[in-house]
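Here is the naming used below: chain letters follow the sequence lines, and residue numbers restart at 1 for every chain. The basis for the numbers below is simple: all heavy atoms, side chains too, and nothing from hydrogens, waters or symmetry mates.
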Number of protein chains: 2
Amino acid sequence: MHISATRFSAKDAHRRVTINDVAEALGLTKSTVSRAMNGYSDISQTTQLRVRRMAETMNYMPLSHAQAIKTGRTRSLGLVLQLSDHDAQRPFLAEFLAGLSAGASAENWTLTVAASDSDDDMIRTFQSLLRDGKADGFVLPRTMNDDPRVKLLREADVPFVMFGRQDDADGCAWFDILGEDAMRDAVLHLASLGHERIGFVNGAMQYNYAPLRDAGFRDGMAQAGLTVDQALIAEDAVTIEDGKRVGSLLLDHPEPPTAIVCAVDFAALGIYHAAAERGLSIPQELSVIAYDGIPEGVHAHPPLTTYAVDNRNAGMRLATLLIRRIRGEDLVNLRETAKANFIDRGSTGPAVTRP
Amino acid sequence: MHISATRFSAKDAHRRVTINDVAEALGLTKSTVSRAMNGYSDISQTTQLRVRRMAETMNYMPLSHAQAIKTGRTRSLGLVLQLSDHDAQRPFLAEFLAGLSAGASAENWTLTVAASDSDDDMIRTFQSLLRDGKADGFVLPRTMNDDPRVKLLREADVPFVMFGRQDDADGCAWFDILGEDAMRDAVLHLASLGHERIGFVNGAMQYNYAPLRDAGFRDGMAQAGLTVDQALIAEDAVTIEDGKRVGSLLLDHPEPPTAIVCAVDFAALGIYHAAAERGLSIPQELSVIAYDGIPEGVHAHPPLTTYAVDNRNAGMRLATLLIRRIRGEDLVNLRETAKANFIDRGSTGPAVTRP
DNA sequence: CCTATTGCCGAAACCGGTTTCGGAAATCAG
DNA sequence: CTGATTTCCGAAACCGGTTTCGGCAATAGG
């Protein structure tokens with residue numbers, strides 16, 4: 001793989017082709033070229049075509065900084081990571097970033113990433129990125145029920161797109177995975193295997209996926225004609241430890257569940273531990289089915305049956321939606337959902353009555 | 001946490017204070033202010049001070065895009081993620097990004113992130129980021145022995161800083177963790193516990209950390225007066241599966257090791273599995289000591305003794321070094337190392353002779 | 001005291017775009 | 001054929017900075 005250093009170097013480099021070059025090549029002025037490139041109606045169709053074609057062949061691409069100083073927009077998406085919940089987003093981050101990057105660069109946009117370790121810091125980060133024109137809008141990962149970011153950006157009328165959904169949808173574009181469908185299907189899957197006492201371990205309740213998944217679980221139970229026992233429902237389990245803790249509670253119940261649905265893979269892995277401690281084998285004596293699709297699930301014993309989220313695609317869609325949002329497209333067209341993919345790895349099995 | 005929407009909005013917003021505002025406030029021209037801000041010697045010390053102070057009180061900060069159009073530099077660091085080895089960098093990514101972001105924003109720089117899925121794509125990504133002035137230089141995570149990125153950027157004379165070290169150091173700034181010291185200390189630690197047959201499981205040989213860690217291991221063995229048995233040395237183990245595989249090989253050796261040093265935590269977790277399969281308990285019958293400090297190590301049974309890398313700090317240092325590099329500082333001052341932190345969690349113990 | 005430096009700053013061009021404004025040519029109405 | 005509109009583009013200002021150039025005043029040198 002050899003690449004000649006010419007055309008590449010930062011300094012000598014064949015000078016970028018500018019709008020003046022294009023204008024000169026066409027015998028037009030740069031103002032005409034500019035308006036043609038931006039599709040102004042006071043430039044004739046023929047000229048627009050000529051300009052665009054010439055730009056294409058000369059490989060002209062307006063310098064975003066030069067545009068930015070007048071327009072204030074720089075063709076870049078902002079992402080502010082919150083370290084407070086880094087544990088939760090760590091496993092998905094690389095794929096997610098890759099998707100965002102792909103979605104952005106497909107439209108010749110870029111991705112500016114910053115991190116913040118407190119809420120105050122986060123706000124300052126948003127502000128300075130905006131102030132300095134480093135981001136034209138933001139992707140908000142892991143949105144919460146009463147998300148300060150949403151409130152802030154909405155009030156300030158700054159474009160953003162959420163990874164998640166909100167009932168109060170004014171001014172919001174979003175992409176989300178239908179976690180509720182996954183939870184419902186998980187219940188139906190277990191019910192079809194004969195399970196009747198099914199537990200549910202939800203994730204962190206402050207995020208807006210949690211109520212949805214809870215509803216999905218209950219919906220599934222209802223569809224299967226099963227009754228929900230509140231004693232078999234736990235919340236806020238997002239780590240292996242959490243899962244182990246609440247798993248122990250559920251399994252020590254006088255009438256323990258024969259199957260457990262988890263809103264989060266990590267919690268399921270914790271339940272594996274709780275089950276192992278009690279000598280319960282999966283899936284023979286306990287079925288577990290979860291959600292996320294973390295790689296660790298593949299190597300668990302038994303491998304974890306789960307609803308996997310395509311985080312790369314999520315990033316890609318979010319980037320695309322945000323760009324369209326910034327371009328001023330109508331909000332109602334900027335709401336998408338996708339389904340999680342069921343991956344049956346064998347951690348569920350037919351229900352057996354425990355002695 | 002309430003933040004008034006004023007001063008914040010993207011559109012109305014109190015107009016940014018520009019260089020003209022500062023000039024006017026001081027009764028100077030903007031050219032003088034510009035040169036004062038940039039420390040030109042043809043501006044008197046008194047004036048420089050006046051300007052700087054006024055800029056401070058007016059909260060003036062030059063708009064990087066406006067500067068960029070003339071200077072070509074935009075105060076932003078580039079990071080190109082390679083998806084091919086995402087598995088390896090995933091666990092560290094969030095912390096690493098946080099460090100980069102912190103280091104960058106401390107100097108009022110930003111971080112532009114892109115992803116590439118092939119080598120060709122990677123090169124194009126570098127090129128377009130440079131061409132569009134989206135990055136003034138690059139951070140290269142996980143450098144390899146014969147790294148195409150290094151070759152490319154060096155030839156093109158684009159500033160970069162490596163996370164790693166190279167023997168061929170011309171034109172390279174770097175930050176690296178002294179993995180070799182960790183490996184040596186690991187051996188000495190084990191030797192002090194009475195171990196004599198010590199195995200070594202190295203990581204991916206194409207990265208330049210691998211030869212270093214190998215050397216560190218051998219150095220430790222020599223210092224401890226122990227002989228290295230080639231049969232107890234394995235390479236290219238970076239995942240749990242890899243570790244399980246090579247761990248099996250080592251443990252099935254007629255004269256198996258009583259302790260194993262791993263260059264990578266994940267491999268150590270694989271060795272846990274191999275040991276479990278053979279009924280070997282850790283640390284009673286086998287000592288394991290590794291390197292990285294992944295969170296999973298905390299939850300292993302027993303918790304994994306390891307040399308932990310502070311990836312947040314690494315990111316911070318790399319950002320700082322790269323900024324100084326871009327500012328033209330001499331390369332020889334831009335090479336730093338740090339030590340990994342020994343965390344004894346109990347996966348090593350005194351050597352016992354196996355039956 | 002007069003000239004040659006030097007120190008210090010203003011004026012103006014420039015960077016690569018966008019946008020306002022005005023006017024020439026072409027079309028339309030009468 | 002003339003006057004009023006349109007259509008379409010050029011001229012020039014502008015955005016927020018940087019950089020070149022030149023000149024004035026103060027200093028140094030003779």
Starting from [atom2] on [N], measure out to [atom1] on [X] and report it in whole angstrom.
{"X": "B:M37", "N": "D:dG16", "atom1": "CE", "atom2": "C1'", "answer": "13 Å"}
{"X": "B:L63", "N": "C:dG16", "atom1": "CG", "atom2": "P", "answer": "17 Å"}
{"X": "B:Q67", "N": "D:dT19", "atom1": "CD", "atom2": "P", "answer": "9 Å"}
{"X": "B:D132", "N": "C:dG16", "atom1": "CG", "atom2": "P", "answer": "14 Å"}
{"X": "A:N38", "N": "D:dC8", "atom1": "CG", "atom2": "C1'", "answer": "17 Å"}
{"X": "B:L28", "N": "C:dG10", "atom1": "CG", "atom2": "P", "answer": "5 Å"}
{"X": "B:I69", "N": "D:dT19", "atom1": "CD1", "atom2": "P", "answer": "12 Å"}
{"X": "A:R73", "N": "D:dC15", "atom1": "CZ", "atom2": "P", "answer": "18 Å"}

Heavy-atom check, side chain of [X] versus side chain of [Y], under 4.5 Å:
{"X": "B:F160", "Y": "B:C172", "result": "yes"}
{"X": "B:D176", "Y": "B:F163", "result": "yes"}
{"X": "A:D136", "Y": "A:P159", "result": "no"}

Under 4.0 Å between a side-chain N or O of [X] and OP1 or OP2 of [N]?
{"X": "B:T29", "N": "C:dG10", "answer": "yes"}
{"X": "A:Y40", "N": "D:dT7", "answer": "no"}
{"X": "A:S31", "N": "C:dT18", "answer": "no"}
{"X": "B:N20", "N": "D:dG17", "answer": "no"}

Regarding [X], tell me which of base, sugar-phosphate or nothing describes its non-hydrogen contacts under 4.0 Å with the strands shown.
{"X": "B:T18", "result": "sugar-phosphate"}
{"X": "A:T71", "result": "sugar-phosphate"}
{"X": "A:G133", "result": "nothing"}
{"X": "B:S34", "result": "base"}

query: More 5' along DNA chain C: B:A66 or B:Q45, using each one's nearest nucleotide?
result: B:Q45
- request: To the nearest 0.5 Å, tell me how far A:D330 CG sits from A:L334 CG.
  value: 7.5 Å
- prompt: Is B:K30 side chain donor-acceptor paired with the D:dG17 base, going by distance under 3.5 Å alone?
  reply: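 Answer is yes: a donor-acceptor pair is held.
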message: Regarding C:dG10, can its base be found pairing with the side chain of B:R35 as donor and acceptor, where the two atoms are less than 3.5 Å apart?
response: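 For B:R35, whose side chain was compared with the base of C:dG10, there is a donor-acceptor pair (under 3.5 Å).
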task: Would you verify whether the NZ or CZ of B:R165 falls within 45 degrees of the ring axis of B:W174 while also being under 6.0 Å from that six-membered ring's centre?
output: no
Minimum-distance nucleotide (side-chain atoms of A:D42 versus D:dG17, D:dC9, C:dG17):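 The answer is D:dC9.
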